[in-house]
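What follows is a single structure, written as structure tokens, with notes after it.
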Amino acid sequence: MGTLAQIDPVPRARSGGEIPAHVAIIMDGNGRWASARGLPRIEGHRRGVESVRRTVRHAGDRGVRVLTLFTFSSENWSRPRSEINDLFNLLRFFIRNDLAELKKNGVRIRVIGRREGVPKDIAALVEKAETETRGNEGLVLQVAFNYGGRDELVRAMRRIGEKMVRGEIDPADFSERVFAEHLDTAGISDPDLLIRTSGEARISNFLLWQLAYTEFVFLPVYWPDFDENEFDAAIAEFHSRDRRFGGLTGV
Ligand code: IPE
Ligand code: IPE
Ligand code: MG
């Protein structure tokens, strides 16, 4: 995982008219979008890549600082091999095809998830995308690939346990901050807004630690139909929320 300069946390106050600094998206419904049209599922995934492009552009235009996209979960390995291959091929295509433009637009790419088990050429492409965009100062595009929240927590705990055994971390000094520094998302503020498309209202093992105080917006639209208007509607919904973080409003 690449290291990043600390991103300032959003002020712990009402969301007001502020653009959410970190938006995370569970891009769901590609298969159903295709089935509803009598098309193979891969067609939905292909159209989903176009939604990714639109969304990255729009997030940047709106002033979002971090956009996290769930592209492949640790549970998605249970899908048919042919669909997994299609999804991997689309990721290869996306990095090869879009990296130059992302670079030009100042996007910094960072990938979270388990690196083991990922095809070698994809791991190399991911590495290249991270390295070549490391110096960029625009939108941080955090790609969750081969990612599972529980897997991330267990990997973090294992690293912490090893450090405790070596005497590098004193259990007495262990804290939420130290824990967060061992997650894949180290140095990135928690999401302010989580959007899930396709009408499902669950988080499917995404960012379990980081979503503690995130506002959730579930949209009925399938991912290939997610566009700028849908994004703006989710932000408007976010603005209507009163974020209290356990405190009281207006005190
Ligand atoms: C989201 O669409 C993409 C991935 C999970 C990779 P789905 O493939 O889950 O589409 P549905 O939910 O079956 O419609
Ligand atoms: C979550 O969607 C994973 C991604 C969007 C990559 P799924 O389609 O895999 O989730 P479930 O199976 O509906 O919970
Ligand atoms: Mg799905």
Side-chain angles (χ1 to χ4, degrees), residues 22-56 59 66-95 97-98 109-119 122-123 125-126 129 141-155 183-185 188 191 193-211 214-227 230-231 234:
H22 182 171
V23 178
I25 309 185
I26 302 176
M27 311 182 291
D28 195 21
N30 293 349
R32 279 165 284 168
W33 182 93
S35 301
R37 287 161 180 76
L39 299 168
R41 292 177 59 85
I42 170 73
E43 211 42 58
H45 295 314
R46 274 199 203 111
R47 290 290 293 258
V49 174
E50 288 171 31
S51 285
V52 168
R53 286 196 187 104
R54 267 202 304 271
T55 303
V56 171
V66 182
L67 177 69
T68 300
L69 300 178
F70 203 2
T71 63
F72 189 84
S73 79
S74 42
E75 287 69 36
N76 287 147
W77 288 104
S78 63
R79 295 192 180 196
R81 190 65 233 185
S82 58
E83 177 158 348
I84 294 173
N85 286 340
D86 286 343
L87 288 167
F88 286 5
N89 281 336
L90 278 178
L91 182 71
R92 287 182 178 103
F93 171 76
F94 178 73
I95 298 180
N97 196 66
D98 289 52
I109 297 173
R110 161 187 180 118
V111 179
I112 59 170
R114 181 189 279 262
R115 294 285 162 104
E116 300 86 65
V118 169
I122 293 191
L125 275 175
V126 158
L141 176 59
Q142 191 166 241
V143 179
F145 177 71
N146 195 22
Y147 176 88
R150 289 184 175 179
D151 179 67
E152 180 192 32
L153 292 172
V154 169
R155 284 187 287 107
L183 293 169
D184 295 349
T185 52
I188 297 282
L193 169 63
L194 171 79
I195 301 170
R196 181 172 186 147
T197 57
S198 93
E200 309 295 356
R202 56 175 171 264
I203 60 172
S204 301
N205 200 16
F206 195 36
L207 301 173
L208 297 180
W209 169 275
Q210 297 88 341
L211 295 176
T214 302
E215 297 296 330
F216 289 11
V217 172
F218 297 105
L219 299 174
V221 20
Y222 293 141
W223 177 248
D225 290 330
F226 183 86
D227 61 12
E230 298 283 342
F231 202 149

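Counting starts at 1 for both ligands and their atoms, in listed order. Throughout, numbering of the chain's residues begins at 1 and tracks the sequence.
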Would you check, one step at a time, whether the test side chain to side chain contact (heavy atoms under 4.5 Å, CB included) holds for Trp223 with Thr55? CA-CA 11 Å; Trp223 177 248; Thr55 303; 3.4 Å; yes

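- Protein residues are said to neighbour a ligand when one of their heavy atoms lies under 4.0 Å from it; for ligand 1 these are Met27, Asp28, Gly29, Asn30, Gly31, Arg32, Arg41, His45, Thr71, Asn76, Arg79, Glu83, Leu87.
- Residues Glu50 and Arg53 are not paired through a salt bridge, judged by the lack of any N-O separation under 4.0 Å between the basic side chain and the carboxylate.
- Side-chain atoms of Asn76 and Ser73 form a donor-acceptor pair, as typed in the model, at a separation below 3.5 Å.
- Heavy-atom proximity to Arg202, at under 4.0 Å, picks out these atoms of ligand 2: 11 (P), 13 (O), 14 (O).
- For the ring-ring contact (aromatic ring centres under 6.0 Å, His included) test, residues two or more places apart in sequence or in another chain that qualify with Trp209 are Phe179.
- Judged as a salt bridge (charged side-chain N to carboxylate O under 4.0 Å, His left out), and not counting sequence neighbours, the contacts of Asp151 are Arg114, Arg155.
- A donor-acceptor contact closer than 3.5 angstrom links the side chains of Arg54 and Ser51.
- Residues Arg41 and Gly31 come closest through the heavy atom pair NH1-CA, 3.4 Å.
- Under the 30°/60° scheme for interplanar angles, the aromatic rings of Trp77 and Phe88 are found to stand perpendicular.
- Put simply, the side chain of Tyr147 gets close to the backbone of Leu207: a donor and an acceptor are under 3.5 Å apart.
- Around the Mg ion (ligand 3), protein atoms of type N, O or S found under 2.8 Å number 1.
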Side chain to side chain contact (heavy atoms under 4.5 Å, CB included) for Leu183 and Leu153? Distances and angles first, verdict last. CA-CA 7 Å; Leu183 293 169; Leu153 292 172; 3.9 Å; yes

